[in-house]
Protein chains: 2
Amino acid sequence: MAEPASPRRLPTTRQGAAVLAALRSSGTFRSAQDIHAELRAGGAPVGLATVYRHLQLLAEHGVIDTLQAADGQTVYRHCRSDDHHHHIVCRRCGTSEEIEGPEVERWAESAARRLGYTDITHTVEIFGLCATCSAAGGH
Amino acid sequence: MAEPASPRRLPTTRQGAAVLAALRSSGTFRSAQDIHAELRAGGAPVGLATVYRHLQLLAEHGVIDTLQAADGQTVYRHCRSDDHHHHIVCRRCGTSEEIEGPEVERWAESAARRLGYTDITHTVEIFGLCATCSAAGGH
DNA sequence: CTCAGAATGATAACGATTCTCATACGCAAG
DNA sequence: CTTGCGTATGAGAATCGTTATCATTCTGAG
């Protein structure tokens, strides 16, 4: 313990900042490859390995949320809320909203406890077609 | 739509039966590689590609459930219940139980609808340490 | 028994992620 | 301003799970 004035350690390098910025300005779940390509194209070339490194760090520090897309890819998103929450994600365009569900937390807790499980975590993700995509005739 | 007398098509080949049997006798989520190794060792050699093929088919037909493990691997399980349900999985030993949660279904539905989403699906998985593993001092 | 179509499986191909390691950089001390 | 050192970087190799290929084998109908 020798960190008196460092409540959170945001990236100090150009590359780290670029990764976080890309996520911040997007609001949707993005893959590492996706971000890498964007930074490439945007004139701020960052190595793929570095992108992965920063995403991992940011996730560990709770700055961004991660989830596994249906195809196995890991996708990342910068969230407004620091609290525990879930997402509803459009399976067409990738947009997502943060949602909370206290009753779900409670349900998960008690169901698990009833079965003798401890040290409980859970994942809850909702997928659907957002208003725009359903209107566009999303099949 | 031309399936008059085929309510469910269970595997008719030795290999298909072996894959399903392996899953049936296990009760936990297993990876494809895992099952492949078991069948190998059990004297019923089945090609890896064939294992994947059957797992995919069984999943499509709703005979088995799938989920993405934390490391990105897809894992499969044969479930008792045909109804929609969720799982609580021991992150130590892999055991799992089926659980239902009507209130969660309702919550997901209404939260999504409120935001204008349609064609809704969801994933809910709970992870923890099962009674046995917690007792064994699961760290 | 014969034949056509489906299933199989060894292997190559793939795509995402992680690892390796030589180099570039940032920064504090001198 | 220069030196020195520890950390970050990134190109490319290495992994690993999964899927595609395609020649061979099997199955079931007739």
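The structure displayed is predicted, hence computed values, not measured ones. Note on naming: letters A, B, ... go to the chains in the order of the sequence lines (proteins, then strands), and numbering restarts at 1 for each one.
Closest approach to the Arg53(B) side chain among dA10(C), dG10(D), dT8(C) is made by dT8(C) (side chain taken as heavy atoms from C-beta onward). Listed nucleotides dT18(D), dG9(C), dT9(D) differ in distance to Leu48(B); the shortest reach to its side chain belongs to dT18(D). Among dT18(D), dT9(D), dT8(C), the nucleotide with an atom closest to any side-chain atom of Ala32(B) is dT18(D).
The phosphate of dA6(C) (OP1 or OP2) has no side-chain N or O of Thr13(B) nearer than 4.0 angstrom. OP1 or OP2 of dG10(D) lies within a sub-4.0 Å distance of a side-chain N or O belonging to Thr50(A). Taking only side-chain nitrogens and oxygens, Arg14(B) never comes nearer than 4.0 Å to OP1 or OP2 of dT25(D). Between Gln15(B) and the phosphate of dA7(C), there is no side-chain N or O to OP1/OP2 separation shorter than 4.0 Å.
Among the protein residues, Thr74(A) comes within range of the sugar-phosphate backbone only, with heavy atoms under 4.0 Å from sugar or phosphate atoms but none that close to a base. Gln56(B) comes within 4.0 angstrom of sugar-phosphate atoms only, judged by non-hydrogen atoms across all strands, and of no base.
Straight-line distance from the OH atom of Tyr52(B) to the P atom of dG17(D): 7 Å, rounded to whole Å. Between the CG atom of Leu57(B) and the C1' atom of dA7(C) there is a distance of 11 Å, rounded to whole Å. Here dT17(C) presents its P atom at 17 Å from NE2 of His54(A), a figure rounded to the nearest Å. Regarding Gln73(B), its CD atom lies at a distance of 14 Å from the P atom of dT18(C), rounded to whole Å. Rounded to a whole Å, the CD1 atom of Ile35(A) is 17 Å from the C1' atom of dG10(D). Atom CG of Asp71(B) is separated from atom P of dT17(C) by 12 Å (rounded to the nearest Å). Remark: P of dA7(C) and CG of Leu55(B) are 16 Å apart, rounded to the nearest angstrom. In this structure, the NE2 atom of His36(A) is 16 Å from the P atom of dG15(C), given to the nearest Å.
Counted by atom type alone, Glu105(B) and His122(B) present one or more donor-acceptor pairs between their side chains at under 3.5 Å.
Smallest separation of non-hydrogen atoms from Tyr52(B) and Gln33(B): OH-NE2, 3.1 Å.
A heavy-atom distance below 4.5 Å is found between the side chains of Arg91(A) and Thr121(B). In this structure, the side chains of His87(B) and Arg77(B) come closer than 4.5 Å at one or more pairs of heavy atoms.
Note that CG of Leu55(B) is 10.5 Å distant from CZ of Arg30(B), once rounded to the nearest 0.5 Å.
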